[in-house]
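Notes for the one structure printed next.
Naming: A, B, ... by sequence-line order, numbering from 1 per chain.
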2 protein chains.
Amino acid sequence: MDTKQKILDAAERLIATQGFAGTSLRQIISEAGVNLAAVHYHFGSKQDLLDHVILRKAAAVNEERRRLIEQFEAEAGPGPVSVERVLTAFFEPMIEAGARNPQFVKLMGRMYGEGLLPALIEKHFQPTLTRFAQALQRARPELSQGELRWRMQFMFGAMSQAVCGQDMFPQMSVQADDSAFALVMRRLMVFLCAGFQAAITPEAETDEGNRYSVGHSPVPAGDSPKSC
Amino acid sequence: MDTKQKILDAAERLIATQGFAGTSLRQIISEAGVNLAAVHYHFGSKQDLLDHVILRKAAAVNEERRRLIEQFEAEAGPGPVSVERVLTAFFEPMIEAGARNPQFVKLMGRMYGEGLLPALIEKHFQPTLTRFAQALQRARPELSQGELRWRMQFMFGAMSQAVCGQDMFPQMSVQADDSAFALVMRRLMVFLCAGFQAAITPEAETDEGNRYSVGHSPVPAGDSPKSC
DNA sequence: GTCTATACTGAGATAGAC
DNA sequence: GTCTATCTCAGTATAGAC
């Protein structure tokens, strides 16, 4: 009866540590102690198994996100919800989930990195995502829709690395213990908050000459096109 | 004689569009018109083939990055190079590479997402990476080494999504044409620049009670721990 | 409905003939 | 250097026991 659960648990554990492509069904069934065909009976395919692994927990996180953003919007009345609070509504449920189950959050990050999440999000969480996009748009009305969505794209990438990124600096393993997770997420929020608050990107200077003239003549220090 | 080149070219093209895991050696050899065993003869394994695909072009980008940061440091004299200029030294060579060969840059982003790049970077580009970390540290001396490296981690994640991310919003495909690539990268730089410039993350408030009290009582609006 | 046994196709890798 | 044959292991499909 709990064959399904055993498969889901084993899959979550293994995929979180080894990635989706790096985990074979035979590993999963061996750890779960079930038969290979049971996976396809219950889930259809490896990809569908992944969907179920993610959905059974992501749904709650998503629900909580929706609840928080609604609460903040109600509190804000007619005015916009601040960028900081929108990000809080987005990340706080994730931090909570990570405190309860670090594995799952790591798995989500990995799946995002492997490019497997967007399809799922589009299938199941599009409304929530749109809701956050609109909230951010109200908080930063100067930003074009294009720029805002790119910044959200950047946000997802940064989040993915925050959650499951491997260290680039071997001499020091930053993510020592799980208790540091909440701190990392707060660092992420600070970083992203500033990013969203940045002035709009000037769209001018479309390849006049070759911008790579930077190369061998000194770069003018003062009048950069970037508002930094 | 050009068997090696044919394999490298086909691999770059296919992996850039389908990812590493999603591309089989048999696809590659079919497109290159060579024998399967030739791959293992010339490169040893699929993973090693990927290393060669990346290294043959990434080395130049990396060299250019090193050259630029050195130039900026020379111009700055004893003072620090600004965050903006450090990021320029980092991204400008990549923008150039993308203008010449969009495929390659996309491939790099994909590999980063799949978690295959950090090992390579550590093996071959550690000195350059350390150099940029030091430059950023001088530009933002208030940041602890840990926080700075996390922000770099966020940067890599955002970059990865900027370069190869799939759209989350189906109704509108943002990355319409390749000419938009430079604009996206400038948007990324503006975003990241603000992120690095953000005030340090307060490390206090370590789980006193349960921070999720946010839940059912209204969240205090004013006195947030995040400096946003 | 639930699970087992087994076979099928395609993957990466390797040994050895030429 | 190159190619054939073959090995192991992956995901998948199905027939049939209970």
Next on the checklist: Checking side-chain polar atoms at under 3.5 Å, does Q5(A) have a donor or acceptor matched by the opposite partner on R56(A)?
Outcome noted: yes
Checklist entry - Is it true that R131(B) and E73(B) make a salt bridge, defined as a side-chain N closer than 4.0 Å to a carboxylate O? => result yes
Checklist outcome for this item: Between CZ of F20(B) and P of dA11(C) the distance, given in whole Å, is 14 Å
Checklist entry - Is R66(A) salt-bridged to E70(A), cutoff N-O under 4.0 Å? => result yes
Next on the checklist: Return the CD to CG distance between E92(B) and L68(B), rounded to the nearest 0.5 Å.
Outcome noted: 7.5 Å
Item to check | L49(B) CG to dA11(C) P, straight-line distance once rounded to whole Å | outcome: 15 Å
Checklist outcome for this item: Heavy-atom nearest nucleotide on DNA chain D taken for A38(B) and for A21(A); more 5' hit belongs to A38(B)
Checklist entry - Of all residues at least two apart in sequence or in a different chain, which pass the salt bridge (Lys or Arg N to Asp or Glu O under 4.0 Å) check with R151(B)? => result E147(B)
Checklist outcome for this item: When rounded to the nearest 0.5 Å, the distance separating CZ of F156(A) from CZ of F90(A) is 4.5 Å
Checklist entry - Which letter, B, S or -, goes with each nucleotide of nucleotides 13-18 of chain C from 5' to 3', with contact meaning a protein heavy atom under 4.0 Å? => result BB----
Checklist entry - Between T3(A) and dC3(C), is there a side-chain N or O to OP1/OP2 distance below 4.0 Å? => result yes
Next on the checklist: How many whole angstroms separate atom CD of Q5(A) from atom P of dT2(C)?
Outcome noted: 14 Å
Next on the checklist: Strictly below 4.0 Å: does Y41(A) bring a side-chain N or O up to OP1 or OP2 of dT2(C)?
Outcome noted: yes
Checklist entry - Just how far, in rounded Å, is P of dG11(D) from CD1 of I7(A)? => result 13 Å
Checklist entry - How many Å lie between NZ on K6(A) and P on dC3(C), as a whole number? => result 9 Å
Checklist entry - Once you round it to whole Å, what is the distance between P of dA5(D) and CG of N35(B)? => result 11 Å
Next on the checklist: Without decimals, in angstroms, what is the distance between I29(A) CD1 and dC3(C) P?
Outcome noted: 13 Å
